[in-house]
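Note that the coordinates shown come from a computational prediction; the quantities given were computed from them, not determined experimentally. The first residue of the sequence shown is numbered 1, and numbering continues consecutively from there.
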Amino acid sequence: EIIMQIDKKNLLLKDLPSIRQMLAFIKVYEYGHMSAAADELSLTQPAVTVLIKELEQKLNVQLFDRATRTLKPTQSADLILPYIKRSLAELNELNTVIKDLNDLKTGSMSIAITPNSSQNLLTKLLTGFVEKYPEIKIHILESEPLELMSTLLNGKSDLCIGILEKELPFIQAHSMMQDAIVAIYHPDYPVISPCASWEHMLLQNLILTHRGYGIRHKIDQQLDLYSSTIPSKIVQEVSLINTVISLVQAGLGVGLVPLTSVADRASNLIIQELNHPKITREISLFHLKDKSLNPATREFIKHCQSLTL
């Protein structure tokens, strides 16, 4: 019984057979002639001879008996044959996997997004991408605005879609669109004066998201400019923009929300732009600068940047 042992601690790259040596061994084993193996590999016969000798020296065994015109595999050759075949098969499989990954025939990505953007923006971003790359697995992680960054930092997401409040040195951001903050109210709601400016908003019964929510600080900044003379009347503060919209639809007040949250699903509401001044929030794709993105994620970013939103 022949036992081959490998000391893993002392195993070096120079001790391992090269791919060229293993391919030469397989072909010489199959054909029994250096010349036939050389033709199959598009090499010269001396080159194949050198590869076999190098492999024998590396393994410290003789692989072929050269007593006859046909090279006869030795017992050592018979023993290592399945290992070399398996190694080449796994290398070929590795090459296929990497090629499929780069060709976007396989792969995955995780996207963290706020519930509001998920409902109003995500389908527009995903539709064309999924049609073009159906094999890419996309994991959607809905997170509150203040939790988006933590999904990147703890490795739960590769990419975030939302509002980046300020530039951060470790974050790479890709701007997608400017989303205006608008006033919404039910047609039967008795608004006080036209809802055309932020100063007018101080006269309304306002329904807003809680402080700390993505857009709330922008709203507070504008209201505070006038609140010294006219105190704002905030009648409801809720956690979700969808809740703001529902309360407004019930005729309970005037809501201040991003335009994207109501543009496609508020046919029964009045949407009033606030132009004095017009306040927008920038929706971006962002990810960690020092984390390499896989091909699927890089392609998704390119896809999103090509869209007109």
Side-chain angles (χ1 to χ4, degrees), residues 1-110 129-130 132-139 155 158-159 287-303:
E1 180 182 4
I2 299 177
I3 301 176
M4 299 181 68
Q5 293 183 330
I6 298 177
D7 186 348
K8 294 183 179 180
K9 292 183 179 180
N10 296 323
L11 187 63
L12 301 174
L13 186 60
K14 65 181 181 61
D15 298 321
L16 298 174
S18 70
I19 295 176
R20 285 165 56 87
Q21 291 167 353
M22 290 190 289
L23 287 171
F25 168 75
I26 292 291
K27 294 306 176 183
V28 173
Y29 191 99
E30 290 177 354
Y31 291 109
H33 294 278
M34 294 287 186
S35 57
D39 291 341
E40 180 72 14
L41 296 170
S42 299
L43 296 173
T44 63
Q45 181 175 331
V48 173
T49 300
V50 169
L51 288 172
I52 295 299
K53 287 183 177 179
E54 288 175 346
L55 183 59
E56 289 178 327
Q57 292 172 357
K58 189 164 291 189
L59 299 177
N60 195 30
V61 294
Q62 184 172 332
L63 298 174
F64 298 98
D65 288 327
R66 299 169 175 80
T68 61
R69 294 182 59 186
T70 300
L71 297 176
K72 184 178 180 181
T74 64
Q75 186 179 24
S76 295
D78 292 335
L79 180 66
I80 70 170
L81 178 65
Y83 292 96
I84 288 184
K85 281 187 173 181
R86 186 161 61 246
S87 296
L88 289 173
E90 289 180 351
L91 286 170
N92 186 61
E93 183 178 353
L94 172 62
N95 184 64
T96 300
V97 168
I98 296 300
K99 186 177 185 303
D100 285 348
L101 193 65
N102 287 322
D103 292 343
L104 301 177
K105 294 180 181 179
T106 188
S108 65
M109 61 178 171
S110 297
F129 185 82
V130 171
K132 189 174 182 180
Y133 305 111
E135 302 303 322
I136 301 298
K137 295 180 180 179
I138 301 174
H139 306 284
D158 302 306
L159 185 68
H287 55 86
L288 295 176
K289 278 184 178 179
D290 61 356
K291 180 180 178 180
S292 298
L293 301 178
N294 63 35
T297 305
R298 292 198 303 269
E299 185 63 25
F300 181 70
I301 293 174
K302 288 173 56 180
H303 166 77

Heavy-atom pair with the smallest gap, counting every atom of [X] and [Y]:
X	Y	answer
A24	L41	CA-CD1, 3.7 Å
M22	P17	CG-CB, 3.8 Å
S108	A296	O-CB, 4.3 Å
L43	A47	CB-CB, 4.4 Å

Test side-chain contact (heavy atoms from CB on, under 4.5 Å) on L81 and I26; report intermediate values, then the result.
CA-CA 7 Å; L81 178 65; I26 292 291; 3.6 Å; yes
Sorted by first residue and then second, give each ring-ring contact (aromatic ring centres under 6.0 Å, His included) pair with at least one member in residues 16-67; sequence neighbours left out.
F25-Y29, F25-F64
[atom1]-[atom2] distance between [X] and [Y], expressed to the nearest 0.5 angstrom:
X	Y	atom1	atom2	value
F300	I138	CZ	CD1	6.5 Å
L51	I19	CG	CD1	12.5 Å
K302	R298	NZ	CZ	9.0 Å

When you compare the side chain of L63 with that of V28, does any pair of heavy atoms fall below 4.5 Å?
no
For H303 and F129, take the angle between the two ring planes, folded into 0 to 90°, and tell me which bin it lands in: parallel under 30, tilted 30 to 60, perpendicular over 60.
tilted
Pairwise side-chain hydrogen bond (donor to acceptor under 3.5 Å, both in side chains) hits with a residue in residues 287-297, at least two apart:
D158-K291, H174-H287, N294-T297
N-O pairing of E56 and K53 below 4.0 Å:
no
Applying side chain to side chain donor-acceptor pair (under 3.5 Å), can you list everything that pairs with Q62, at least two apart in sequence or on another chain?
D65
Give the C-alpha distance, both sets of side-chain angles, the deciding distance and a yes or no for side-chain contact (heavy atoms from CB on, under 4.5 Å) between R86 and E90.
CA-CA 6 Å; R86 186 161 61 246; E90 289 180 351; 3.9 Å; yes
Audit row: V61, T74, side-chain contact (heavy atoms from CB on, under 4.5 Å) steps and yes/no
CA-CA 9 Å; V61 294; T74 64; over 6 Å; no
Selection residues 23-48 - residue pairs positive for salt bridge (charged side-chain N to carboxylate O under 4.0 Å, His left out), sequence neighbours left out
K27-E30, K27-E40
Contacts of S18 that satisfy side chain to side chain contact (heavy atoms under 4.5 Å, CB included) - sequence neighbours left out:
R20, Q21
Mind listing the side-chain donor-acceptor pairs of residues 91-104 below 3.5 Å, one per line with the distance, residues two or more places apart or on another chain?
{"unit_1": "T96", "atom_1": "OG1", "unit_2": "N92", "atom_2": "O", "d": "3.0"}
{"unit_1": "K99", "atom_1": "NZ", "unit_2": "D103", "atom_2": "OD2", "d": "2.8"}
{"unit_1": "N102", "atom_1": "ND2", "unit_2": "I98", "atom_2": "O", "d": "3.3"}

